[in-house]
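Below, each value reflects all heavy atoms present in this structure, side chains not excepted, and no hydrogens, waters or symmetry copies. Chain letters run A, B, ... following the sequence lines, proteins first and then strands; every chain starts at 1.
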2 protein chains.
Amino acid sequence: MDYAGTVKVRIKEVAIAAGVSTATVSKVLSGRADYQVHAETAERVRRVAYELGYVPDVAARNLRTRQTGQLGVVLEAVGPSEPDSLLTGVAVSDAVRRTFDGAIMAGLSEAARELEVPALVVYPSGQLDARTLLDGRVDGLLVSCDPLRGHGLLHGLRSPPVPVVALWTQRAPEGIGMVDVNHAQGAGIAVHHLVELGHTRIAFYGGGVRSGVEHFARREQGYRSALEEAGLLPQSAIHDGPRLLQAVQGGVTAVFAETDLGAAAAFHALDSAGLSVPADVSLVGFDDIQGAEYIAGGLTTVYQPAAEMAAAGVRALLARLDGEAPQTALLRPRLIRRRSTAPVRVVSG
Amino acid sequence: MDYAGTVKVRIKEVAIAAGVSTATVSKVLSGRADYQVHAETAERVRRVAYELGYVPDVAARNLRTRQTGQLGVVLEAVGPSEPDSLLTGVAVSDAVRRTFDGAIMAGLSEAARELEVPALVVYPSGQLDARTLLDGRVDGLLVSCDPLRGHGLLHGLRSPPVPVVALWTQRAPEGIGMVDVNHAQGAGIAVHHLVELGHTRIAFYGGGVRSGVEHFARREQGYRSALEEAGLLPQSAIHDGPRLLQAVQGGVTAVFAETDLGAAAAFHALDSAGLSVPADVSLVGFDDIQGAEYIAGGLTTVYQPAAEMAAAGVRALLARLDGEAPQTALLRPRLIRRRSTAPVRVVSG
DNA sequence: CTGTTAGCGCGTTCAG
DNA sequence: CTGAACGCGCTAACAG
């Protein structure tokens, strides 16, 4: 179809062409069931509207109805660092973030389609303050947080003018809904996998609680709980190659790394020392980053359901717009089995 | 600041509080230079507006001005496959797309901030037809294409009601602006790197022209041109392990793979046959996917400037809104040197 | 079941 | 330099 030079058709022209009033056209096309219109009339209006290529003007509609149906999105990780970051200077792969944000966008986009959200409004990086939300562009806001940075934006959003749901955190201020991956549970799944393979001395590789990063802390806590539940002894977190090798010499046969990138580092340390994965040491990561299948010959890892999280966020926000109270939802991560884990070797001698 | 229960402030209240008319407030805040307002008055209005927390209502403004300042975004890869895909059934890692889309969003977001685009409107996957663009939600549209799928959407957008710029393709219909990575140039850069290392027998690994995929075709063409320019002989494209090994036995010392994932496959074939990278064979990929540093011990590859492409897209679209004609821009890819390439081994005997 | 009417909040004439 | 009046296109309320 060719719309070149097409003058926009307005509701009045549809009304005239269909021989009804503009109100009737509006009633039919807005589809509100509480307006009863003769089926034949409605059908005629719809046909005429379609033939004329009529599309309601959203600006006018939004002005009249005082809502847009649109949901706002902030990708917090995209954009300049915030000064309150606990990890300024830490080299985190941009690609990790981008994969994650891409998955988030995919999930949002898919959920928006299914739930008939007409459009998502993405605010430019670092652009948003609470005041901006007053401008009536969106009915609600989703914030995809970056756990490696502070939650500056979220804290500026206490008592925001529209409902807010935060993704990938469990530390939003009161009144803000949350959807996060259950990091502790994910760690538990990883540990459980290793225990099933017969490992009893399992190390945690990464900054964990000490890093100050919410997710890493939860992962270490999950590691501890899972080991204790299994009647095994947690080890203190290890964050460098030499200590990892020490631990292995001390009898550790499996390593749970708090991230896939950490697992890559652990593998490098082990490999350089002539230790084989998984023959000598089993290795599990967390994230399932792109390329995880090439780490350590195929890294067994815990997949974070980012797209599902985004979809859950959309549903949660829609529920809030429907009057429900803010809630916290935790999604179950999934173990991806590859080739970096194996049954513990029977100790000979 | 706490906006709980805050009633939205309207222009009239600002006017009253500042002791002027709404027209004056509008003139001051819209910042249009052709309206002369007493400096003191203007300053007072601005201060009062700020103190009252006044934010103009975008719906009303959009209705009045007939534009929004917003740019639409379609991530074509997100969403269900189209039937016209040439590669239905081909397993392409979702993660690759997501990284790419994430980078695109990051670039868009950053450019939007710099160029003061108030917001980006992301249309849900597979939701958009040309008609939807008539609804006045956006002043222009960016389409991030998926080269592995058809351009169904783009072709439905001939003569669209708003300017359109397509990303990651050079095959959009007439009238649509384009920004793409210069794939041929990227291939040339890769080949040039290998030639500099002394390689003279360089293979192309992947579907290339025969795949029917625009990007892969350009990359193979770029490979050919670069070799010819260097006075060397291009080989026909290889797309499986056994033939790759044959080629190596036949004297090939370097392989340019059309994608990083392809490079991983090539590496696997070589490695399984006991050939070492880069000692026996040098290997270059294309894309610089997340995890490329773990492929083949650190894959030398061609990085696609996705974020820059997105930013260029925003600029191109803004230029079109400014009255300029649609153009095509090609961005120069960059070589990422890692450890999978080395000087050619001097043949002994 | 359908039509008439009155704004939604703002930006822009055009008098003063 | 300022303010009153109008209308962007649509939908909610109400009258018929």
Side-chain angles (χ1 to χ4, degrees), chain A residues 6-46 48-49 52-70 118 134-139 161, chain B residues 6-46 48-49 52-70 118 134-139 161:
Chain A
T6 303
V7 180
K8 271 183 74 162
V9 176
R10 282 162 296 219
I11 198 170
K12 189 169 184 183
E13 306 168 49
V14 177
I16 293 171
V20 295
S21 73
T22 60
T24 301
V25 176
S26 173
K27 286 168 193 165
V28 171
L29 297 183
S30 68
R32 294 201 49 173
D34 47 344
Y35 291 119
Q36 306 281 2
V37 177
H38 215 90
E40 282 173 35
T41 312
E43 188 44 42
R44 177 160 35 97
V45 167
R46 263 188 288 269
V48 169
L52 261 43
Y54 170 69
V55 179
D57 186 288
V58 299
R61 170 178 283 177
N62 292 349
L63 177 58
R64 189 64 179 93
T65 62
R66 306 281 51 205
Q67 44 174 351
T68 64
Q70 296 177 159
L134 282 166
D135 71 5
R137 225 180 277 270
V138 300
D139 294 348
Chain B
T6 302
V7 180
K8 271 183 73 164
V9 175
R10 281 162 297 216
I11 198 169
K12 189 170 186 182
E13 306 168 51
V14 176
I16 293 172
V20 296
S21 74
T22 61
T24 302
V25 176
S26 173
K27 285 168 190 166
V28 171
L29 297 183
S30 69
R32 294 200 48 173
D34 47 344
Y35 290 120
Q36 306 280 0
V37 177
H38 220 88
E40 283 172 37
T41 313
E43 187 46 38
R44 177 158 37 94
V45 167
R46 263 189 287 270
V48 169
L52 262 43
Y54 170 68
V55 179
D57 186 287
V58 298
R61 169 178 282 176
N62 292 348
L63 177 58
R64 188 65 180 90
T65 62
R66 308 278 46 192
Q67 44 175 345
T68 65
Q70 296 178 158
L134 282 166
D135 71 5
R137 226 180 276 270
V138 299
D139 295 348

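In this structure, B:Lys12 atom NZ and D:dA5 atom P are separated by 12 Å, rounded to whole Å. B:Tyr54 has its OH atom 11 Å from the P atom of C:dG9, to the nearest Å. Between A:Leu29 atom CG and D:dA12 atom P the separation is 13 Å, expressed in whole Å. A straight line from NE2 of A:His38 to C1' of C:dG3 spans 16 Å, rounded to a whole angstrom. Taking atom CZ of residue B:Arg10 and atom P of nucleotide C:dG11, one finds them 14 Å apart after rounding to whole Å. When the P atom of C:dC10 is taken as reference, atom CG of B:Leu63 falls 12 Å away, rounded to whole Å. Here the P atom of nucleotide D:dC1 and the CZ atom of B:Arg44 are 14 Å apart, to the nearest Å. D:dG9 atom P lies 15 Å from atom CG of A:Leu52, rounded to whole Å.
Two residues, B:Arg64 and A:Thr22, neighbour DNA chain D, and the one matched to the more 5' nucleotide by heavy-atom proximity is B:Arg64.
Proximity of A:Thr41 to the phosphate of C:dT2: a side-chain N or O atom is located under 4.0 Å from OP1 or OP2. A close approach under 4.0 Å does occur between a side-chain nitrogen or oxygen of A:Arg61 and OP1 or OP2 of D:dT11.
Remark: the A:Lys27 side chain and the C:dG3 base include a donor-acceptor N/O pair separated by less than 3.5 Å.
Considering B:Thr24, B:Val25, B:Val28 as possible partners of B:Thr41, the one that fulfils the side chain to side chain contact (heavy atoms under 4.5 Å, CB included) test is B:Thr24.
Among the nucleotides C:dG9, C:dG3, D:dC10, the one closest to the side chain of A:Ser21 is C:dG3. Taking the side chain of A:Thr24 as heavy atoms from C-beta on, and the options C:dG11, D:dT2, C:dT2, the nearest nucleotide is C:dT2. Counting only heavy atoms from C-beta on, B:Ser26 has its side chain closest to C:dG11 among C:dG3, C:dG11, D:dC10. Each of D:dT11, D:dG3, C:dC10 was ranked by its minimum atom distance to the side chain of B:Ala23; first place goes to D:dG3. Residue B:Asp57 has its side chain nearest to C:dG9 when only C:dG11, C:dG9, D:dC8 are considered.
Looking only at atom types and distance, the side chain of A:Thr68 has no donor-acceptor partner in the side chain of A:Asn62 under 3.5 Å away.
When side chains are defined from C-beta on, B:Ile11 counts as touching B:Ser26, because their heavy atoms get closer than 4.5 Å. For the pair A:Glu40 and A:Glu43, the minimum side-chain heavy-atom distance is 4.5 Å or more.
In this structure, B:Asp57 pairs ionically with A:Arg66, as a charged nitrogen and a carboxylate oxygen lie closer than 4.0 Å.
Distance check: A:Leu52 CG to A:Ile16 CD1 gives 10.5 Å after rounding to the nearest 0.5 Å. The line from OH of B:Tyr54 to CG of B:Leu29 is 6.5 Å long, rounded to the nearest 0.5 Å. With values rounded to the nearest 0.5 angstrom, A:Lys12 atom NZ is found 8.5 Å from A:Thr22 atom OG1.
When the local axes at the two ends of the helix from C:dC1-D:dG16 to C:dG16-D:dC1 are compared, using 5 base pairs at each end, they differ in direction by 40° after rounding to 10°.
Residue B:Ser30 is out of contact with every strand shown, counting any heavy-atom pair closer than 4.0 Å. Among the atoms of the strands shown, only primed sugar atoms or phosphate atoms (P, OP1, OP2) are found under 4.0 Å from some heavy atom of B:Ile11.
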